[in-house]
Amino acid sequence: MTGRLNRAFFAQDTLSVARGLLGQRLVRILDGERLSGRIVEVEAYVGEKDQASHAQCGRTERNAPMYGPPGHAYVYFVYGMHHCFNVVTEREGFPAAVLVRALEPLEGIEAMQERRGGRVGVELTSGPARLCQALGIDRRFDGVDLCAPDVVLFIEGNGTMPDAAVTAGPRVGVRGDERALVAPWRLYEQDNRYVSR
DNA sequence: GGATCGATCGGCT
DNA sequence: GCCGATCGATCCG
């Protein structure tokens with residue numbers, strides 16, 4: 001996988017997109033500088049029947065991007081202070097997305113450290129809200145098309161991650177029935193120190 | 001190292 | 001009015 005990821009990639013079923021995103025590079029152009037990191041942890045949220053999904057109660061103004069076309073961002077605000085970044089998947093009208101939970105920093109590390117209040121190393125991007133702060137991702141990016149030609153947030157191909165390096169497990173911080181709690185829809189690179197929790 | 005708790009506010013049952 | 005797809009500080013062992 002090389003170059004910018006295109007719409008067809010994001011239009012696949014959500015678990016395939018989640019798996020395919022592992023190892024790819026999330027890029028943010030901030031003040032003319034490239035900040036980027038390798039995606040090492042993701043979670044899939046699939047359809048209104050997914051008890052852990054924001055779409056479980058149907059469409060609202062907040063979750064509307066999840067119902068939109070694939071390849072767009074869904075950025076939401078939680079706990080009164082944190083942002084989380086998702087990539088919308090599958091077909092328009094079906095609410096599904098992949099939450100990016102952790103990155104391994106690649107470019108612009110000093111800028112990330114500044115944005116993270118002087119923190120360094122693992123604390124930079126190991127967690128969905130941390131990576132948003134490190135890369136300057138907030139609600140301004142909610143609904144933005146990551147496949148647009150001159151957007152300042154996008155995902156680049158960066159090689160593939162072998163199956164042997166991938167672990168699947170239950171999602172973090174979800175509630176709902178047993179099915180939602182147990183679904184192994186959190187994927188991460190084994191032994192990567194930037195994986196959260 | 002692990003458990004617990006407060007911060008803080010937008011979006012909804 | 002209540003609660004959250006979290007984080008970081010603090011306390012305990």
Side-chain angles (χ1 to χ4, degrees), chain A residues 10 13-15 17-19 21-22 26 28 37 39-68 70 72-90 94-105 112-144 146 153 155 167-189 191-197:
Chain A
F10 297 110
D13 75 276
T14 306
L15 269 298
V17 175
R19 174 66 182 83
L21 281 175
L22 288 175
L26 177 62
R28 164 81 160 108
I39 297 171
V40 296
E41 180 182 358
V42 295
E43 280 178 2
Y45 291 86
V46 186
E48 293 181 344
K49 289 181 182 149
D50 181 353
Q51 297 277 302
S53 172
H54 286 173
Q56 66 169 294
C57 298
R59 182 179 185 137
T60 65
E61 192 175 342
R62 180 202 200 197
N63 65 25
M66 291 186 76
Y67 289 79
H72 287 236
Y74 168 45
V75 179
Y76 64 87
F77 183 71
V78 271
Y79 298 113
M81 60 188 92
H82 297 304
H83 298 282
C84 294
F85 168 70
N86 300 252
V87 181
V88 177
T89 60
E90 307 207 24
F94 182 79
V98 175
L99 169 67
V100 178
R101 289 191 55 89
L103 302 175
E104 177 183 327
M112 292 189 207
Q113 289 172 350
E114 273 177 44
R115 300 196 59 80
R116 291 280 298 132
R119 292 189 170 77
V120 299
V122 167
E123 303 216 307
L124 244 35
T125 51
S126 60
R130 291 173 173 181
L131 93 245
C132 281
Q133 189 180 24
L135 297 189
I137 299 173
D138 56 30
R139 277 203 307 285
R140 295 189 314 250
F141 287 96
D142 192 29
V144 163
L146 306 174
L153 182 67
I155 300 173
T167 300
R171 293 172 290 182
V172 176
V174 308
R175 46 178 205 140
D177 65 17
E178 195 178 340
R179 206 172 297 281
L181 288 173
V182 170
W185 290 352
R186 172 181 179 236
L187 307 179
Y188 57 95
E189 182 176 34
D191 302 325
N192 188 298
R193 64 197 198 99
Y194 288 93
V195 170
S196 69
R197 199 194 199 187

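Residue numbers start from 1 in every chain, and the chains themselves are labelled A, B, ... in the order their sequence lines are given, proteins ahead of strands.
With respect to A:D13 and A:R19, no salt bridge is recorded, no charged nitrogen being found less than 4.0 Å from a carboxylate O.
A straight line from CG of A:D138 to P of B:dT8 spans 19 Å, rounded to a whole angstrom. The separation between A:E48 atom CD and B:dC12 atom P is 13 Å, rounded to whole Å. In this structure, A:H83 places its NE2 atom 10 Å from P of B:dG10, rounding to the nearest Å. As rounded to whole Å, 6 Å separates atom P of B:dC12 from atom CZ of A:R62. In this structure, CZ of A:F77 is placed 16 Å from P of B:dA7, rounded to the nearest angstrom. Look at CG on A:N63: it is 7 Å from P on B:dC12, rounded to the nearest Å.
Ring geometry for A:Y74 versus A:Y76: interplanar angle of 30 to 60°, hence tilted.
From the 5' end on, the contacts that DNA chain C makes with chain A at under 4.0 Å to a non-hydrogen atom open and close at C:dG4 to C:dA9.
Positionally, the nearest nucleotide of DNA chain C for A:V172 lies more toward the 5' end than for the other of A:E123 and A:V172. Looking at which nucleotide of DNA chain C each of A:Q133 and A:Y76 is closest to, the 5′-most match is held by A:Y76.
For A:Q133 against A:R116, the heavy-atom pair with the smallest separation is OE1-NH1, 2.6 Å.
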field: Intra- and inter-strand pairs of DNA chain C in dot-bracket (Watson-Crick or G-U wobble, both distances under 3.5 Å; | for another strand)
entry: ||||.|||||||.
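Formation of a donor-acceptor pair under 3.5 Å by the A:Q51 side chain with backbone atoms of A:Q56 is not found in this model.
Residue A:R119 is classed as a sugar-phosphate contact, given heavy-atom separations below 4.0 Å to backbone atoms only. Contact annotation for A:A129: backbone-only contact, meaning every heavy-atom pair under 4.0 Å involves sugar-phosphate atoms and none involves a base. At the heavy-atom level, A:R197 lies nowhere under 4.0 Å from the strands shown. A:R101 comes within 4.0 angstrom of the backbone, heavy atoms only, and of no base.
Separating the CG atom in A:N86 from the NE2 atom in A:H54 is a distance of 8.0 Å, to the nearest 0.5 Å.
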message: Determine whether A:E43 and A:R171 satisfy the following criterion, salt bridge (charged side-chain N to carboxylate O under 4.0 Å, His left out), listing intermediate values before the conclusion.
response: CA-CA 7 Å; A:E43 280 178 2; A:R171 293 172 290 182; 5.5 Å; no
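Under a cutoff of 6.0 Å and an axis angle of 45°, A:R139 and A:F141 do not form a cation-pi pair.
Annotation: side chain of A:L21 is in contact with side chain of A:I155 (closest heavy-atom distance under 4.5 Å).
With no hydrogens or angles considered, a side-chain donor-acceptor pair links A:N192 and A:E104 at under 3.5 Å.
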